Amino acid sequence: MAVVNEGALKKMLKQYKYRDLTVREITNVISQYKDLKPVMDAYVFNDGSSRDLMSLTGTIPISYRGNVYNIPVCLWLLDTYPFNPPICFVKPTSAMMIKTGKHIDANGKIYLPYLHEWKHPQSDLYGLIQVMIVVFGEEPPVFSRPTIAAPLPSLPS
Amino acid sequence: LNGGAVPSAPPTYT
């Protein structure tokens with residue numbers, strides 16, 4: 001569970017243009033989804049430039065065919081958040097593989113109408129995560145890798 | 001301790 005107070009978040013987000021709005025949303029989301037935590041890290045843009053940005057990193061719980069899975073995700077917030085949508089990825093562990101599809105590309109980037117049609121204040125992180133949970137519950141973005149590295153059991157003769 | 005949930009995924013899609 002992430003233990004980050006509002007003062008620490010404000011300090012981390014000092015270059016964010018709408019810092020108070022952003023802090024409020026993050027505080028709200030991490031209180032509801034306790035397996036997500038705010039992390040500052042370098043985000044590399046398509047043109048190769050990089051920038052220190054806040055992400056919410058961790059897992060979101062989905063229910064798929066009656067079982068709960070904790071899907072690893074990273075939601076990057078631009079410094080213009082919430083007036084631009086987050087940039088969202090699934091982050092498969094070494095035991096997982098990405099299942100590309102309508103909502104996921106080979107890099108794990110997440111595409112959703114909710115992100116495409118993002119508009120503050122109707123859109124927010126909490127709503128986004130709820131949409132992800134529904135969409136991923138129908139079409140999981142990652143699956144477990146087959147354990148091909150394990151030695152084959154010898155067959156009984 | 002600040003581990004969070006262990007990531008998990010459905011069994012391999014076939």
Side-chain angles (χ1 to χ4, degrees), chain A residues 1-5 8 29-39 55-74 89-101 104 108 129 133 135-150, chain B:
Chain A
M1 178 169 102
V3 182
V4 178
N5 68 39
V29 162
I30 64 180
S31 72
Q32 314 265 350
Y33 293 101
K34 295 183 190 300
D35 295 314
L36 289 175
K37 61 176 180 178
V39 178
S55 74
L56 284 177
T57 296
T59 64
I60 55 172
I62 67 154
S63 173
Y64 176 66
R65 295 184 180 171
N67 292 306
V68 174
Y69 300 97
N70 298 310
I71 303 299
V73 294
C74 181
F89 293 89
V90 287
K91 303 296 278 184
T93 67
S94 58
M96 299 176 187
M97 49 202 260
I98 292 170
K99 174 77 165 65
T100 58
I104 308 288
I129 292 167
I133 287 171
V135 169
F136 293 165
E138 286 161 12
E139 275 181 71
V142 284
F143 283 90
S144 297
R145 274 185 193 283
T147 51
I148 46 172
Chain B
L1 276 167
N2 191 14
V6 177
S8 54
T12 311
Y13 186 82
T14 49

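For clarity, every value in this text was computed on a predicted model and none was experimentally measured. All chains are named by letter (A, B, ...) in the order of the sequence lines, taking the proteins before the strands, and each is independently numbered beginning at 1.
Side chain of A/Ser144 to main chain of B/Thr12: no donor-acceptor pair is present (N/O by atom type, distance under 3.5 Å, no hydrogens or angles). A donor-acceptor pair under 3.5 Å is absent between the side-chain atoms of A/Asn70 and the main chain of B/Ala5, judged by distance alone.
No side-chain heavy atom of B/Pro11 sits under 4.5 Å from any side-chain heavy atom of A/Tyr64. Residues A/Arg65 and B/Pro10 have side chains not in contact (no heavy-atom distance under 4.5 Å, counting atoms from C-beta outward).
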